[in-house]
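For reference, the structure is listed below as structure tokens.
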Amino acid sequence: MDTDGENIVINTVSTHQKVRNVERDPRVAVAVADPSTPSRYWAVRGRVTASATEGAREHIDKLSHKYLGRPYPGFDGGTQQRLILTIGVDKLHTPRR
């Protein structure tokens with residue numbers, strides 16, 4: 001998961017169930033827990049506003065460097081078609097302080 005500053009950006013594989021679900025109904029919910037306090041979380045409700053294959057392989061590699069500190073391990077010549085889903089935020093729940 002990532003953000004472009006305004007939207008949530010998810011990188012997935014075109015054959016996954018998630019893609020079939022959003023093709024049928026673009027409404028989604030995303031929850032992100034604080035790793036240090038899992039009961040503290042952010043919840044987003046929104047809609048997938050765009051999907052694209054262009055730049056998806058580079059994007060997953062960028063995410064892998066961000067979260068794993070190394071190139072994405074799945075690029076061994078496989079046939080996966082990566083897909084970027086852009087989610088527009090309709091509602092945001094933030095944790096209480």
Side-chain angles (χ1 to χ4, degrees):
M1 188 176 93
D2 200 5
T3 179
D4 64 7
E6 185 175 329
N7 302 290
I8 294 174
V9 181
I10 304 244
N11 194 302
T12 189
V13 175
S14 63
T15 56
H16 286 183
Q17 183 66 47
K18 178 186 318 187
V19 175
R20 291 190 293 276
N21 289 347
V22 299
E23 285 172 345
R24 184 179 84 271
D25 184 350
R27 295 175 299 167
V28 296
V30 177
V32 179
D34 180 342
S36 63
T37 312
S39 62
R40 181 182 153 117
Y41 68 94
W42 292 259
V44 175
R45 291 191 181 273
R47 295 179 182 273
V48 173
T49 59
S51 65
T53 56
E54 186 176 331
R57 289 180 70 106
E58 294 81 8
H59 182 254
I60 195 66
D61 200 45
K62 174 184 154 193
L63 291 176
S64 183
H65 279 281
K66 178 179 178 179
Y67 292 112
L68 302 176
R70 61 186 168 91
Y72 183 67
F75 291 148
D76 56 3
T79 59
Q80 287 186 340
Q81 175 65 59
R82 303 295 316 181
L83 185 67
I84 297 174
L85 301 176
T86 303
I87 300 168
V89 177
D90 293 331
K91 270 189 174 178
L92 174 63
H93 166 82
T94 58
R96 295 182 189 149
R97 296 212 179 245

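Residues His65 and Pro71 have side chains in contact (heavy-atom distance under 4.5 Å, counting atoms from C-beta outward).
Smallest separation of non-hydrogen atoms from Asp61 and Tyr72: OD1-N, 2.7 Å.
Atoms CG and NE2, from Asn11 and His59 in turn, are 6.0 Å apart once rounded to the nearest 0.5 Å.
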Inset, instruction - Before giving the answer on side chain to side chain contact (heavy atoms under 4.5 Å, CB included), spell out for Gln81 and Val13 the whole-Å C-alpha distance, their side-chain angles and the decisive distance to 0.1 Å. - result: CA-CA 6 Å; Gln81 175 65 59; Val13 175; 5.8 Å; no
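For residues 1-39, no pair satisfies ring-ring contact (aromatic ring centres under 6.0 Å, His included), with sequence neighbours left out. Screening residues 41-56 for side chain to side chain donor-acceptor pair (under 3.5 Å), with sequence neighbours left out, gives no hits. The side chain to side chain donor-acceptor pair (under 3.5 Å) pairs that include a residue from residues 83-95 number zero, where partners must be two or more places apart or lie in different chains. Sequence neighbours left out, the pairs with a member in residues 6-26 that pass salt bridge (Lys or Arg N to Asp or Glu O under 4.0 Å) are Asp25-Arg27.
With a 4.5 Å cut-off between side-chain heavy atoms of Ile, Leu, Val, Met, Phe, Trp and Tyr, the cluster of Leu85 takes in Met1, Ile8, Ile10, Val19, Val22, Val28, Val30, Val32, Val44, Val48, Leu83, Ile87, Val89, Leu92.
Residues satisfying the salt bridge (Lys or Arg N to Asp or Glu O under 4.0 Å) criterion with Asp2, sequence neighbours excluded, are Lys62, Lys66.
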